[in-house]
Number of protein chains: 2
Amino acid sequence: MGKKVIDRRIQRTRQLLQEALLALILEKGYDAVTIQDVIDRANVGRSTFYAHFQDKEDLFLSDFETLRAQFEQHLLSQPATDEGPWSLSLMMFQHAQSQHRLYKALAGKQGGNVMLAHIHKYLAALLREHLKSSGKRKGLVPPDVLAHYLVSSFMALLTWWLDNDLPYPAERMNDMYRQLTEPGVMAVIGDS
Amino acid sequence: MGKKVIDRRIQRTRQLLQEALLALILEKGYDAVTIQDVIDRANVGRSTFYAHFQDKEDLFLSDFETLRAQFEQHLLSQPATDEGPWSLSLMMFQHAQSQHRLYKALAGKQGGNVMLAHIHKYLAALLREHLKSSGKRKGLVPPDVLAHYLVSSFMALLTWWLDNDLPYPAERMNDMYRQLTEPGVMAVIGDS
DNA sequence: TACAAATAGAACATCGTGTTCGGAAACATA
DNA sequence: TATGTTTCCGAACACGATGTTCTATTTGTA
């Protein structure tokens with residue numbers, strides 16, 4: 001049985017659709033892209049699209065999975081210098097720099113609501129583990145709010161950076177993020 | 001000519017539509033609400049809707065205008081204790097508390113992208129004036145990034161607060177916001 | 001060649017959008 | 001009350017996007 005080759009054919013179709021969507025998002029923004037646009041751009045039949053994905057959001061999320069998998073591989077390839085959430089943010093800035101087209105389509109203004117919500121959720125989960133190991137807190141700011149704040153402000157800098165076409169290197173962006181957030185966080189959780 | 005009374009009829013129709021949209025947003029979220037839903041809820045004819053508003057977003061923005069007008073009146077009614085952006089944020093937390101239904105529909109998760117983008121833009125403009133008067137900065141973080149950061153982290157706390165049904169009083173939320181952001185901001189712009 | 005998997009695309013039903021238009025209702029004026 | 005004007009209602013319509021179904025075709029395998 002030639003399963004391998006057939007799989008390749010399927011993979012190729014999926015990839016054509018994914019890339020067509022990314023290109024169209026960068027051109028028109030997520031909301032304005034229709035399924036018709038995507039299958040025209042990808043030269044894929046209508047029924048073929050629905051054989052692979054449920055709807056536009058499903059295709060979009062498959063792009064996110066690609067991103068997430070790449071990022072976690074990037075995480076593993078780096079030495080674990082654990083200095084709180086800011087080592088994590090640095091890796092993400094760096095990864096965004098190396099994949100800025102993908103990031104811009106997904107996390108930029110054009111990407112719309114769906115993806116930002118997913119990235120936010122994903123990062124909040126990653127962050128929770130970092131925060132758990134941190135020392136006792138003074139109870140002024142609930143950990144829930146703290147996590148929400150850290151993720152949101154990071155995403156703010158990231159999307160600003162992407163929408164402005166990366167005017168600074170990743171390390172500089174992370175320094176800004178750290179300088180802005182670290183003093184406040186330290187004052188709130190108390191350095192251990 | 002009975003212009004006044006006729007105007008009142010128009011105003012009433014607009015208000016019916018605005019309130020119907022707000023209620024539906026709280027129930028289903030902005031994206032899921034169709035124009036058909038709105039005019040059914042408001043008992044307004046289809047053509048009447050299009051006589052008043054261009055489309056769903058237009059109606060949505062008219063709700064935002066209501067909010068903005070109310071907020072600016074709230075601003076004027078308060079004594080101007082100028083301690084940077086945090087007096088502004090406090091007033092907004094307070095105003096959100098007194099109008100939480102409206103705020104939750106517009107700035108909560110349900111409100112979607114459109115409104116958040118508008119509020120963000122509006123706040124960034126307000127903030128720019130506050131930042132201008134602030135002292136010299138050390139140039140580590142560009143003012144553009146700083147403004148983006150301050151607005152985004154404020155919105156993060158605000159939307160978290162609204163989506164969790166106001167578990168703390170406005171003053172407490174503003175304290176959190178201030179404690180988280182003030183140290184970093186001071187370190188970056190240098191206190192004057 | 002024979003066979004199976006994957007694709008193309010036409011046809012279709014469905015739904016939401018935005019426009020048009022004739023008649024009904026509300027309101028003002030006299 | 002009678003009349004004219006403004007506003008509203010809702011049906012009918014054209015349009016475009018969605019998602020499904022079906023048949024024919026292509027591609028790759030044995």
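Not measured: the values here are computed from a predicted model. Convention: sequence-line order gives letters A, B, ...; per-chain numbering from 1.
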Nearest-Å distance, CD1 (B:I10) to C1' (D:dT5)?
13 Å
Parallel, tilted or perpendicular, as decided by the 30° and 60° cut-offs, for the rings of A:F93 and A:Y177:
perpendicular
Looking at B:Y50, I'd like to know whether one of its side-chain N or O atoms comes within less than 4.0 Å of OP1 or OP2 on C:dG18.
yes
Interatomic distance, A:Q54 CD vs D:dA17 C1' [rounded to whole Å]
18 Å
Taking the six-membered ring of A:Y168, is NZ or CZ of A:R172 closer than 6.0 Å to its centre and within 45° of its axis?
yes
In whole angstrom, what separates A:L16's CG from C:dA6's P?
16 Å
Tell me whether A:R41 is salt-bridged to A:E27, with the criterion being a basic N under 4.0 Å from an acidic carboxylate O.
yes
So for B:S47 and D:dC9, does any side-chain atom that can act as donor or acceptor lie under 3.5 Å from a complementary atom in the base?
yes
Within residues 24-45 of chain B: residues closer than 4.0 Å to DNA chain C (heavy atoms)
B:T34, B:I35, B:Q36
Here's one to test your reading of the geometry: is the NZ or CZ of A:R46 within 45 degrees of the ring axis of A:F49 and under 6.0 Å from its centre?
no
Spacing between A:R46 atom CZ and C:dA10 atom P, to the nearest angstrom:
12 Å
Nearest-Å distance for atom pair CG/P, residues B:D58 and C:dT17:
14 Å
Using OP1 and OP2 only, check whether a side-chain N or O of B:T48 sits under 4.0 Å from D:dG10.
no
Here the distance between atom C1' of C:dT17 and atom CZ of B:F53, to the nearest Å, is 17 Å
Could you tell me how the ring of B:H148 sits relative to the ring of B:H120: parallel (under 30°), tilted (30 to 60°) or perpendicular (over 60°)?
tilted
Cation-pi check for B:Y30 against B:K56: NZ or CZ below 6.0 Å from the six-membered ring centre and within 45 degrees of the axis, yes or no?
yes
Using whole Å, report how far CZ of B:F49 lies from P of D:dT7.
18 Å
Is the distance from OP1 or OP2 of C:dT7 to the nearest side-chain N or O of A:H52 less than 4.0 Å?
yes
Is B:D163 paired with B:K104 through a side-chain N to carboxylate O contact shorter than 4.0 Å?
no
Checking D:dG19, D:dT27, D:dC22 against the side chain of A:R9 (C-beta onward), the nearest is D:dT27
From NZ of A:K56 across to C1' of D:dA17 the rounded distance in Å is 10 Å
